[in-house]
Amino acid sequence: MATHVKALTSPYPGSKVERRPVPQEKVSWSVEWPEYQPVEYTAPSVLAQPPWADPPQSNEDFCPKYNALDGQVERTSFEGTYEVIDGWPRNPMGRTGIIGRGLLGRWGPNHAADPIITRWKRSTAGEKVQYSETGKPVLQFVSIQRKDCGQWAIPGGMVDPGELVTATLRREFCEEALNSLESSGEEPDTEQRIQSLFSQEHLPVYRGYVDDPRNTDNAWMETQAVNYHDETGHILDRLALQAGDDAGKVQWVDVSGSCSLYANHAQFLQIVAEKRGAHW
Ligand code: RP5
Ligand code: MG
Ligand code: MG
């Protein structure tokens, strides 16, 4: 990804804050722009210092180790070494029109994981459905509707400090698409089905910067997107999808070039479609 687009949109999510407009040709830090005056914004929910957020830079006890594993917090970037100017980490993709952290908890990279769960679209007779013009089979993926913005997305979430990414992928899918946080009496074979889905050979899809609308000059999203595919459809056919946590709705969605999704999630799905020889 060369640059960001959604990370330049206003108002900033969950607020009335307008970003300083940044023309595409001035996004890169290598372009001199002495008049650049970004607005500062860190959401009240972050300033309240919940456990998932760093303290303010002004806190004397806060000595983050940037570009390193800082205790349990991963502060390295998939995009290489990022600059830290006067103690402020700098977005590796360039200017966003906002300084501070916005809605993000961490200064620098905020690491997430995106589980892309797929199956083939099938007719009622069980045949794979092919797209008429290309003759390619059609993939479906589990999509959630985010409560924060109403956009459809991959059911991803933040990697907790010290958590293995494989655990985040599974946990977020269960929380957002199966409502594991609230479901009481689980079907006896649910656990077994989840286990077999996530223990299969998986396809690494993407690692790096996310063009997330919450990004700022000093805090940004990065992710690892991984595809777990149910080739026969028999693992997932009896898993009841139920939205939970920060997801308001969940459903199977056909993978295609007309998918309009949160951040740059559609790009991740395009990679999956290409690697699996599916319609896009
Ligand atoms: C996106 O935000 C990532 O790709 C991931 O899907 C998501 C993680 O944030 P939350 O869903 O926890 O808000 O940038
Ligand atoms: Mg979540
Ligand atoms: Mg989420």
S.K.: List the steps, then state whether salt bridge (charged side-chain N to carboxylate O under 4.0 Å, His left out) holds for R170 with E191.
M.R.: CA-CA 11 Å; R170 180 180 165 146; E191 186 56 35; 2.7 Å; yes
S.K.: Without hydrogens or angle criteria, can the side chains of T42 and E40 be said to hold a donor-acceptor pair below 3.5 Å?
M.R.: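 The answer is no; no qualifying pair exists.
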S.K.: Would you please say whether a donor-acceptor pair under 3.5 Å links the side chains of Y262 and D148?
M.R.: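 No donor-acceptor contact under 3.5 Å links the two side chains.
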S.K.: Compute whether any side-chain donor of one residue and acceptor of the other, for R122 and Q140, lie under 3.5 angstrom apart.
M.R.: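 Result is no, nothing qualifies.
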S.K.: Can you find a heavy atom in the side chain of L69 that is under 4.5 Å from one in the side chain of T76?
M.R.: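 Of all side-chain heavy-atom pairs linking T76 with L69, none is under 4.5 Å.
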S.K.: Are H279 and S256 close enough that some pair of their side-chain heavy atoms sits under 4.5 Å apart?
M.R.: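 SC-SC contact between H279 and S256 confirmed.
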S.K.: Using the side chain to side chain contact (heavy atoms under 4.5 Å, CB included) rule, take R119 and W252 through it: C-alpha gap first, then chi angles, then the decisive distance, then the call.
M.R.: CA-CA 9 Å; R119 68 178 184 191; W252 286 98; 3.4 Å; yes
S.K.: Is the shortest side-chain heavy-atom distance between I271 and L269 below 4.5 Å?
M.R.: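 In short, these two side chains do not touch, never coming nearer than 4.5 Å.
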S.K.: Which heavy atom of R95 sits nearest to which heavy atom of S28, and what is that distance?
M.R.: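 That closest heavy-atom pairing would be NH1-O, 2.9 Å.
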S.K.: For R75 and P64, which heavy atoms make the closest approach, and how far apart are they?
M.R.: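 The answer is NE-CB, 3.8 Å.
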S.K.: Keeping the roles fixed (side chain from Q200, backbone from H229), state whether a donor-acceptor pair exists under 3.5 Å.
M.R.: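 Yes, Q200 side chain to H229 backbone: donor-acceptor pair under 3.5 Å.
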S.K.: Check whether any side-chain N or O of N218 sits under 3.5 Å from a backbone N or O of P89 as a donor-acceptor pair, and report yes or no.
M.R.: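 Present.
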S.K.: Considering only heavy atoms from C-beta outward, does the side chain of V5 approach that of N264 to under 4.5 Å?
M.R.: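 No, too far: nothing below the 4.5 Å cut-off.
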S.K.: May I have all residue pairs that pass side chain to side chain donor-acceptor pair (under 3.5 Å) and include part of residues 97-108, sequence neighbours excluded?
M.R.: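 Every pair satisfying side chain to side chain donor-acceptor pair (under 3.5 Å) with a residue in residues 97-108: D54-R106.
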S.K.: Using modelled atom types and a 3.5 Å cut-off, is there a donor and acceptor pairing between side-chain atoms of Y12 and backbone atoms of E18?
M.R.: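 Between the backbone of E18 and the side chain of Y12 there is no qualifying donor-acceptor contact (under 3.5 Å).
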S.K.: Donor-acceptor pair, distance only, cut-off 3.5 Å: does the side chain of E222 make one with the backbone of F78?
M.R.: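 Flag set: sc E222 to bb F78 pair under 3.5 Å.
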S.K.: I'd like to know if the side chain of T96 pairs up with that of N215 as donor and acceptor (distance under 3.5 Å, no hydrogens or angles considered).
M.R.: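 No, no side-chain donor-acceptor contact under 3.5 Å.
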S.K.: Test your reading of the model: is there a side-chain donor-acceptor pair from Q145 to the backbone of G150, 3.5 Å cut-off?
M.R.: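 Confirmed, Q145 side chain pairs with G150 backbone.
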S.K.: Test R19 against D217 for salt bridge (charged side-chain N to carboxylate O under 4.0 Å, His left out), laying out the working first.
M.R.: CA-CA 11 Å; R19 293 173 187 268; D217 285 5; over 6 Å; no
S.K.: Of all heavy-atom pairs between W33 and P23, which one has the smallest distance, and what is that distance?
M.R.: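 W33 and P23 have their closest heavy atoms at CH2-CD, 4.0 Å.
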S.K.: Which atom names give the shortest non-hydrogen contact between V17 and S15, and what distance separates them?
M.R.: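 Scanning both residues, the minimum pair turns out to be N-OG, 3.0 Å.
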S.K.: What ring pair (Phe, Tyr, Trp, His ring centres under 6.0 Å) pairs are there with at least one residue in residues 146-166, not counting sequence neighbours?
M.R.: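 Non-adjacent pairs meeting ring pair (Phe, Tyr, Trp, His ring centres under 6.0 Å): zero.
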S.K.: Can L239 be reached from V226 by stepping across I, L, V, M, F, W or Y side chains whose heavy atoms are under 4.5 Å apart?
M.R.: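 Yes, V226 and L239 fall within the same hydrophobic cluster.
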S.K.: Under the criterion side chain to side chain contact (heavy atoms under 4.5 Å, CB included), I'd like the reasoning laid out for W220 against M93: C-alpha separation, chi angles, the key distance, then a yes or no.
M.R.: CA-CA 9 Å; W220 61 91; M93 291 298 159; over 6 Å; no
S.K.: Given 3.5 Å as the limit, does a donor-acceptor pair link the side chain of Y209 with the main chain of D212, or not?
M.R.: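 Not confirmed, Y209 side chain does not pair with D212 backbone.
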S.K.: Is the backbone of I154 close enough, under 3.5 Å, to the side chain of H265 for a donor and an acceptor to pair up by distance?
M.R.: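 Yes; at least one donor-acceptor contact below 3.5 Å.
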S.K.: Distance only, no hydrogens: is a donor on one side chain within 3.5 Å (strictly under) of an acceptor on the other, for Y82 and N91?
M.R.: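 The criterion, which ignores hydrogens and geometry beyond distance, is not satisfied for N91 and Y82.
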S.K.: Taking G108's backbone N and O only, do any of them form a donor-acceptor pair with N110's side chain (distance below 3.5 Å, no angle check)?
M.R.: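 A pair under 3.5 Å: yes.
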S.K.: Is the shortest side-chain heavy-atom distance between W120 and L139 below 4.5 Å?
M.R.: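 Heavy-atom side-chain distance check passes, below 4.5 Å.
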S.K.: So K26 and Y36, side chain to side chain contact (heavy atoms under 4.5 Å, CB included) or not? Walk me through it.
M.R.: CA-CA 9 Å; K26 286 187 172 149; Y36 176 55; over 6 Å; no
S.K.: Decide yes or no for H111 and Q224: does some side-chain heavy atom of the first lie under 4.5 Å from some side-chain heavy atom of the second?
M.R.: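 Side-chain contact under 4.5 Å: no.
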S.K.: List the steps and the verdict of side chain to side chain contact (heavy atoms under 4.5 Å, CB included) for V46 and W52.
M.R.: CA-CA 9 Å; V46 173; W52 46 267; 4.0 Å; yes
S.K.: Can you tell whether the side chains of E176 and K147 come within less than 4.0 Å, N to carboxylate O?
M.R.: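 So E176 does not pair with K147 through a salt bridge.
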S.K.: Taking all atoms of both residues into account, what is the closest heavy-atom pair of A7 and D211, and its distance?
M.R.: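 Residues A7 and D211, closest heavy atoms: N-OD1, 3.0 Å.
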S.K.: Between the main-chain N or O of P213 and the side-chain N or O of K6, is there a donor-acceptor pair closer than 3.5 Å?
M.R.: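 Judged by distance alone, no pair lies under 3.5 Å.
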S.K.: Can you pull the salt bridge (charged side-chain N to carboxylate O under 4.0 Å, His left out) pairs that have at least one residue in residues 266-278, sequence neighbours excluded?
M.R.: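 The answer is none; no pair qualifies.
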S.K.: If I compare all heavy atoms of S143 with all of A153, which pair ends up nearest, and what's the gap?
M.R.: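 So the minimum-distance heavy-atom pair works out to OG-O, 3.3 Å.
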S.K.: Going by the angle between their ring planes, with limits at 30° and 60°, are F198 and F173 parallel, tilted or perpendicular?
M.R.: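 Judged by the thresholds at 30° and 60°, the geometry between F198 and F173 is tilted.
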